[in-house]
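Presented below is the structure to which this report refers.
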Amino acid sequence: MSTGFIIVLVLTFVLIIGATILVTNKAYSRKPEQIDPLPGKDAASKELDQ
């Protein structure tokens with residue numbers, strides 16, 4: 001294997017790993033979707049009264 005081939009191989013792996021890290025960081029830095037809170041006691045009692 002020539003030196004140029006090894007350099008290209010290393011650069012390819014660096015690019016792939018770097019892109020993977022960037023995509024993963026963007027996915028994890030996203031704010032999670034807001035989940036509706038559970039209804040309070042007054043809302044639960046209104047549903048039971050009906």
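Not measured: the values here are computed from a predicted model.
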Problem - Pairing residues for Thr20 by the side chain to side chain contact (heavy atoms under 4.5 Å, CB included) criterion, not counting sequence neighbours - result: Ile16, Thr24

Exercise for the section: Any chance you could measure Ile6, atom CD1, to Leu9, atom CG, to the nearest 0.5 Å? Expected result: 8.0 Å

Practice task
Could you point out which residue of Val14, Thr12, Ile7, Val8 forms a side-chain contact (heavy atoms from CB on, under 4.5 Å) with Val10?
Solution key: Val14

